[in-house]
Amino acid sequence: MPAQPTTAVRGAIAASIPSMVNLRIGTADGADAHLIAERFNRHTFWCGQSGSGKTYALGVVLEQLLIHTRLPILVMDPNADFVGIGQTVEGADEAEVALLRGQQTRVLHSSGDDGQQLRVRYVDLDLPTKAAVLRLDPVADPGEYNVLLQFEREVGAVQDEHLLATLRSSPDPARQLLALRIENLGVLEWDLWANGAETAEDVYATRPRALVMDLGGFDHPDEPLAAALSMLDHLWAHRYERRPVLIVIDEAHNLCPPDPSSPLERALTARIVQIAAEGRKYGLWLLLSTQRPSKVHPNALSQCDNLALLRMSSPHDLAELGSLFGYAPSDLVERSPLYGKGQGLFAGGFVDRPSLVQMGRRLTREGGRDVPVPMP
C-alpha cells in the first residue's frame, strides 16, 4: 500500500494554498474578476490561438499565485516567455510589486550567457529515460539495453564525461557497441549535460517559489524533451513526500502530443499522462497551455477540472472543447472567435461561476513578444 501522508504533511499541503484566497486577474461585467487559489489543486487547461493573449494572461495568473499563496511553481518554457517573471515593470501596482519582489525566483537557461544554465546528469536519469535518450528498445535492442541495465550498478562511480571512455575500455563487445551508439548519436555532445555543474533537480531541491526551465535554445531537438522528462521523473520519484507544486507546461503540444513518435516523446508523454491521472493526490498539479486542444494528448486533457479559453476560431477545436469540458457554457465557448485580445472564458472549479474576463496588467516582464512590422 502507498504510504499515507502524515498529519504534518497534510498540513503543509493545505498551508501552501490558503483557503478561499481570491486572485484578482482582471474585470468581468465591470467588476473585479477572481480565481479561487485553493482550486489550483486540480489540473488546468489553458488555451487560445496565436495572438489571443494566452501567454500574457497566464503570466497575470502566475504572478497572483506567487503573491497570494505559498504554492511553488515550475514552468517548462519553450519560448522564453516567462524568463522575466522576477523582473517587475514600471507602472505596476507598487504594493503587489513589493510582495512579488520578496519571492525567490530562479531561471535556468538553455543557452547563452544570460545566467545559470539548464543542466541535468545523464547518469542520474531513470533507466527508461536513459534508454529513450539512446533510442534503445528492450526487445528490439536486447544486447545494448542489457548493458545499460547492468551498467546501473556501476553508474555511481562514473561521471557523464567519462561514460564513453568507460564503455570503450571494456573487453565486452556489447559495451563497445553501446559506446558506438552513443558516439554515433552524438548524445554526450549535448549542452544539456551537467558534467559536474549544478542540475535543475539540485536547484529545485532548494524550493524556490518559481523555477523557470527555458527549453527553447538547445541545438538538438531531443534536449528539451530530456530536460523536461528528467525533472518530471524526479518529481514522480519523490511523489510520496507530497510536496505540492504547480507544473506549468507552456506550448504543451511540444511535450505531450497526441501521437508521440520518438522514444523520448513517448516516454515524456506517458509521464505527463501519468501525472495527469495520478499526480493530484500527491500534490503534482498540471497547468497545460497550448493553442489547440487537438494538439495535446487526450488522456491528459480529460483530467483537467479548470478551463481558461481565450480567442479560438476553429469550429472543430471549439466542438472538442465543448465535449471535453461540459462545465463550460456552450454559448460562451461558441463566442470564442469574437473575444478580444486578453479576453477569456474561465470555467470549472477555480471560479464561482463561468465568467468572461478581460485580463489585467502584468507586473513582470513578458518574454517572447511579437516582432513588429518594419515601418518607413
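Only heavy atoms go into these numbers, but all of them, side chains included; no hydrogens, no water, no symmetry mates. Remember, it's a predicted structure, so these values are computed and weren't measured experimentally.
Residue pairs meeting the side-chain hydrogen bond (donor to acceptor under 3.5 Å, both in side chains) criterion with at least one member in residues 317-328, sequence neighbours excluded, are Arg292-Asp317, Ser294-Asp317, Ser314-Asp317.
Looking at Asp214, its side chain does come within 3.5 Å of a backbone N or O of Gly216 through a donor-acceptor pair. A donor-acceptor distance shorter than 3.5 angstrom exists from the side chain of Asn306 to the backbone of Arg39, with no hydrogens or angles considered. Remark: side-chain polar atoms of His43 are paired, donor with acceptor, to backbone N or O of Leu286 under 3.5 angstrom. Judged by distance alone, with hydrogens and angles left aside, the side-chain atoms of Glu63 form a donor-acceptor pair with the main-chain N or O of Leu363 at under 3.5 Å. Not one N or O on the side chain of Tyr56 forms a donor-acceptor pair closer than 3.5 Å with the backbone of Gly342. Gln49 contributes a side-chain N or O that, together with a main-chain N or O of Ser313, makes up a donor-acceptor pair within less than 3.5 Å. Judged purely by atom type and a 3.5 angstrom limit, Glu223 uses its side chain to pair as donor or acceptor with the backbone of His220. Judged purely by atom type and a 3.5 angstrom limit, Trp236 has no side-chain atom pairing as donor or acceptor with the backbone of Gly279. The main-chain N or O of Arg42 is never found under 3.5 Å from a side-chain atom of Trp285 such that the two would form a donor-acceptor pair. A donor-acceptor pair under 3.5 Å links the side-chain atoms of Ser110 to the main chain of Gly217, judged by distance alone.
Leu177 and Leu127 end up in different hydrophobic clusters when Ile, Leu, Val, Met, Phe, Trp and Tyr side chains are linked at under 4.5 Å. Residues Leu321 and Leu332 share a hydrophobic cluster, clusters being chains of Ile/Leu/Val/Met/Phe/Trp/Tyr side chains in contact below 4.5 Å. Val273 and Met76 fall into different hydrophobic clusters, where Ile, Leu, Val, Met, Phe, Trp and Tyr are joined by side-chain heavy atoms under 4.5 Å apart, directly or via other members. Taking hydrophobic clusters as Ile, Leu, Val, Met, Phe, Trp and Tyr residues chained together by side-chain heavy-atom distances below 4.5 Å, Leu185 does not share a cluster with Leu180.
Rounded to the nearest 0.5 Å, atoms CZ (Arg106) and OH (Tyr204) are 14.0 Å apart. Note that the OH atom of Tyr145 and the CG atom of Leu178 stand 12.0 Å from one another [nearest 0.5 Å]. Taken from CD in Glu265 to CG in Leu255, the straight-line distance is 9.0 Å, to the nearest 0.5 Å. Note that CZ of Arg266 and CG of Asp259 are 11.5 Å apart. Values are rounded to the nearest 0.5 Å. Here the straight-line distance linking atom NZ of Lys281 with atom CG of Asn41 works out to 15.0 Å at 0.5 Å rounding. Distance check: Leu108 CG to Asp77 CG gives 11.5 Å after rounding to the nearest 0.5 Å.
The side-chain contact (heavy atoms from CB on, under 4.5 Å) test with Ile272 is passed by exactly one of Ile247, Leu232, Leu229, Val296: Leu232.
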Worked verdict on Val21 versus Glu38 for side-chain contact (heavy atoms from CB on, under 4.5 Å):
CA-CA 7 Å; Val21 168; Glu38 67 172 354; over 6 Å; no

Given side-chain contact (heavy atoms from CB on, under 4.5 Å), test Gln104 with Arg207 step by step and report yes or no.
CA-CA 9 Å; Gln104 183 191 19; Arg207 301 299 285 181; over 6 Å; no

Just do the side-chain contact (heavy atoms from CB on, under 4.5 Å) check on Trp46 and Asp250 with the steps written out, would you?
CA-CA 9 Å; Trp46 196 280; Asp250 194 27; over 6 Å; no

I would like to know whether Val75 and Ile73 meet side-chain contact (heavy atoms from CB on, under 4.5 Å); could you show each step before the answer?
CA-CA 6 Å; Val75 183; Ile73 299 172; 3.7 Å; yes

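Val133 has its side chain within reach of Trp190: a pair of non-hydrogen atoms, C-beta onward, lies under 4.5 Å apart. Residues Glu334 and Leu318 fail the side-chain proximity criterion, which asks for heavy atoms closer than 4.5 Å. Met359 places a side-chain heavy atom less than 4.5 Å from the side chain of Ile25. Looking at heavy atoms from C-beta onward, Arg280 lies in side-chain contact with Asp305 at the 4.5 angstrom threshold. Using a 4.5 Å heavy-atom cutoff, the side chains of Gln87 and Thr364 are not in contact. With a 4.5 Å cut-off on side-chain heavy atoms, Leu118 and Leu215 count as touching. Taking the side chain as every heavy atom from C-beta outward, Val248 and Leu246 approach each other to under 4.5 Å. With contacts defined as side-chain heavy-atom distances shorter than 4.5 Å, the pair Phe40/Leu23 qualifies.
Across all non-hydrogen atoms, the minimal contact from Cys256 to Thr269 is CA-OG1, 3.7 Å. Heavy atoms only, all atoms of each residue included: Tyr122 and Leu148 are closest at OH-CD1, 3.9 Å. When all heavy atoms are compared, the tightest approach of Gln343 to Gln358 is CB-OE1, 3.7 Å. The heavy-atom pair separating Leu66 from Arg209 by the smallest distance is O-NH1, 2.9 Å. In this structure, Trp193 and Val187 approach most closely via the heavy-atom pair NE1-O, 2.7 Å. Nearest heavy-atom pair across Ala328 and Leu307 is CB-CD2, 3.9 Å.
The environment of Asp331 atom CG is dense: over 12 non-hydrogen atoms of other residues, nucleotides or ligands sit within 6.0 angstrom. Residue Arg335 places its CZ atom among 12 or fewer non-hydrogen atoms of other residues, nucleotides or ligands, all under 6.0 Å distant.
A salt bridge links Glu251 with Lys54: the closest approach of a Lys/Arg side-chain nitrogen to an acidic carboxylate oxygen falls below 4.0 angstrom. Ion pair Asp202/Arg119 not flagged as a salt bridge, since none of the NZ, NE, NH1 or NH2 atoms sits closer than 4.0 Å to an Asp/Glu carboxylate oxygen. Salt bridge annotation for Glu183-Arg168: present, with a cationic side-chain nitrogen under 4.0 angstrom from a carboxylate oxygen.
For the side chain to side chain contact (heavy atoms under 4.5 Å, CB included) test, residues two or more places apart in sequence or in another chain that qualify with Ala132 are Pro263, Leu264, Ala267. Scored by the salt bridge (charged side-chain N to carboxylate O under 4.0 Å, His left out) test, Asp32 finds Arg24 as partners (sequence neighbours excluded).
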